[in-house]
Protein chains: 2
Amino acid sequence: MAKAKKEALDLSTEEKIKEAASIVFTKKGYGNARTRDIAEEAGINLALLNYYFRSKEKLFQIIMAERIDKLFGVLGPILNDGSTTLDEKLEKITESYINMLLEHPDLPIFVLSEIRNNPEQLSNRFQARRNLTESVFIKQLIERRSDINPFHFLMNLLGMNLFPFVAKPVLQPIVGNEEAYRQLMEQRKKLVPVWMKLMLDHT
Amino acid sequence: MAKAKKEALDLSTEEKIKEAASIVFTKKGYGNARTRDIAEEAGINLALLNYYFRSKEKLFQIIMAERIDKLFGVLGPILNDGSTTLDEKLEKITESYINMLLEHPDLPIFVLSEIRNNPEQLSNRFQARRNLTESVFIKQLIERRSDINPFHFLMNLLGMNLFPFVAKPVLQPIVGNEEAYRQLMEQRKKLVPVWMKLMLDHT
DNA sequence: AAAATATTTAATCAAATGATTAAATATTTT
DNA sequence: AAAATATTTAATCATTTGATTAAATATTTT
């Protein structure tokens with residue numbers, strides 16, 4: 001067997017294809033992406049893509065799982081951190097999301113639109129509800145304000161953090177140039193937690 | 001000429017195709033939609049689609065323009081109403097959006113993802129900035145709080161109203177069933193303006 | 001009713017596109 | 001080095017899919 005070499009190159013080539021697939025799928029979506037686009041982006045022959053991943057669909061599933069994890073994986077550890085206060089969690093979530101989305105601005109719109117196309121892709125739909133409702137975050141929230149519906153609170157938090165990126169293609173031309181947009185997002189790292197705390201404190 | 005009959009049937013058939021196209025495009029997006037899907041949905045022959053609209057692309061442009069107008073057209077009149085206060089505008093925008101989105105929940109994700117695919121589709125990009133910055137709404141906002149960046153304020157308002165629908169495929173399974181989700185959205189009609197006013201009043 | 005025009009259909013085309021194959025090249029193992 | 005295995009490529013296939021065509025049917029005008 002050509003194992004040592006195989007693994008070195010395998011990783012390199014396979015990773016190259018996955019990287020390219022990630023770029024092309026995220027930019028165009030499944031339906032608008034061509035396997036030839038991906039092959040070209042990866043600098044490899046089209047047949048290689050099928051050699052490594054069997055089909056466009058299989059490759060997509062792998063990328064999609066990674067992207068979903070990238071988008072929502074941030075939340076879990078922060079929501080369940082027993083060592084931080086609720087206020088600190090708001091700050092951490094906001095900072096994590098905005099930092100991540102500044103690097104991957106087209107991630108939310110990709111994931112959300114593909115899930116719309118194929119809702120089954122969300123594997124652990126039921127588990128997600130449990131994980132959330134039993135999280136430290138929700139416990140702290142209820143402890144502090146038993147009258148605030150956690151779902152509303154979470155929608156507001158995610159809406160303020162994710163929406164500017166979901167709507168970037170519309171908002172950015174209105175706001176101005178790319179740099180102006182980036183600066184707004186930087187400001188929101190401080191501002192969003194302030195606004196969320198207003199909701200927590202308001203009588 | 002067969003004018004009278006033509007117009008009666010034309011409208012009916014042409015409208016039937018547009019209606020079907022709107023449904024299929026909105027549900028699947030341009031790339032995943034097949035002209036055959038649309039023809040079937042409309043209950044007509046595939047050739048008819050090209051007879052009436054020349055091409056998939058042309059038909060899409062028409063639908064897309066309508067959908068963009070549906071999504072953002074609500075805003076203009078409310079933002080520029082000189083007879084309402086800022087608070088009333090917040091209430092009107094929220095109520096209009098939530099009512100409209102309860103009927104067309106997949107509209108935002110469709111429009112935003114298609115604009116991502118083809119940003120040029122936003123025709124009046126520069127005009128939009130002027131319209132907004134010179135609106136009564138922004139004037140009232142600056143009058144009330146010169147220290148609040150209108151772009152941040154607008155992002156929050158739109159984020160809280162639109163995001164729950166953009167993320168519905170993810171959030172709804174977590175929240176529970178369809179009806180539970182609808183009730184949450186009904187509640188937000190009252191709640192979002194309250195939260196927005198908190199931001200306006202906070203010292 | 002006849003002619004002109006508009007609408008609709010079945011059949012077909014041509015290009016795009018996902019996938020495969022068979023052969024060539026490179027790498028590893030013996 | 002030889003054999004075995006893994007990787008890569010060019011060429012090709014089969015299906016999907018947007019679009020067209022020519023003929024049939026319906027409608028309107030004369």
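All values below were derived from every heavy atom in this structure, side-chain atoms included, with hydrogens, water molecules and symmetry-related copies excluded. Naming convention: chains lettered A, B, ... in sequence-line order (proteins, then strands); numbering from 1 in each chain.
Contact check, Asn45(A) against dT9(D): no side-chain N or O comes under 4.0 Å of OP1 or OP2. Within the structure, every side-chain polar atom (N or O) of Ser55(B) is placed at least 4.0 Å from both OP1 and OP2 of dG18(D). Checking the phosphate oxygens (OP1, OP2) of dT8(C), a side-chain nitrogen or oxygen of Tyr52(B) falls inside 4.0 Å. For Thr13(B), a side-chain nitrogen or oxygen approaches OP1 or OP2 of dT8(C) to under 4.0 Å. Between Tyr51(B) and dT7(C) there is a side-chain N or O to OP1 or OP2 distance below 4.0 Å. The phosphate of dA19(C) (OP1 or OP2) has no side-chain N or O of Arg54(A) nearer than 4.0 angstrom. The phosphate of dT17(C) (OP1 or OP2) has no side-chain N or O of Arg36(A) nearer than 4.0 angstrom.
Per the geometry, CG belonging to Asn32(B) stands 16 Å off C1' belonging to dA16(C), to the nearest Å. Whole-Å rounding puts the Glu15(A) CD to dT7(D) P distance at 15 Å. When the P atom of dT7(C) is taken as reference, atom CG of Leu49(B) falls 15 Å away, rounded to whole Å. In this structure, the CZ atom of Phe53(B) is 12 Å from the P atom of dT8(C), given to the nearest Å. For the pair Ile44(A) CD1 and dA10(D) P, the interatomic distance rounds to 11 Å; values are reported in whole Å. In this entry the distance linking CD of Glu40(A) with P of dT17(C) reads 13 Å, nearest Å. Here the P atom of nucleotide dA19(C) and the CD1 atom of Ile38(A) are 10 Å apart, to the nearest Å. Taking atom CZ of Arg34(B) as the reference point, atom P of dA19(D) lies 12 Å away to the nearest angstrom.
If you check dG18(D), dT9(C), dT9(D) against the side chain of Ala47(B), the one that comes closest is dT9(C). In the set dT20(D), dT8(D), dT20(C), the nucleotide with an atom closest to the side chain of Asn50(A) is dT20(C).
Taking the six-membered ring wherever Trp is involved, the centroid distance between the rings of Phe110(A) and Phe25(A) does not fall below 6.0 Å. Note: Phe163(B) and Phe163(A) fail the aromatic proximity criterion, with ring centroids not under 6.0 Å apart.
Between the side chains of Arg188(B) and Asn149(A), no donor-acceptor pair is found at a separation under 3.5 Å. No hydrogens or angles considered: a donor-acceptor pair under 3.5 Å links the side chains of Glu178(A) and Gln172(A). Judged by distance alone, the side chains of Lys189(A) and Asn99(A) do bring a donor and an acceptor atom under 3.5 Å apart. Side-chain N/O atoms of Gln183(A) and Glu179(A) include a donor and acceptor closer than 3.5 Å.
Atom-to-atom distance recorded for Asp87(A):CG and Lys92(A):NZ is 13.5 Å, nearest 0.5 angstrom.
Across all strands shown, Ala33(B) has heavy atoms under 4.0 Å from sugar-phosphate atoms exclusively, and none from any base.
Residue-environment remark: NZ (Lys197(A)) exceeds the threshold of 12 foreign heavy atoms within 6.0 Å.
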For DNA chain D, please output the secondary structure as dot-bracket, reading 5' to 3'. Pairs are Watson-Crick or G-U wobble, both atom distances under 3.5 Å; mark crossing pairs with [ ], other-strand partners with |, unpaired with a dot. ||||||||||||||||||||||||||||||

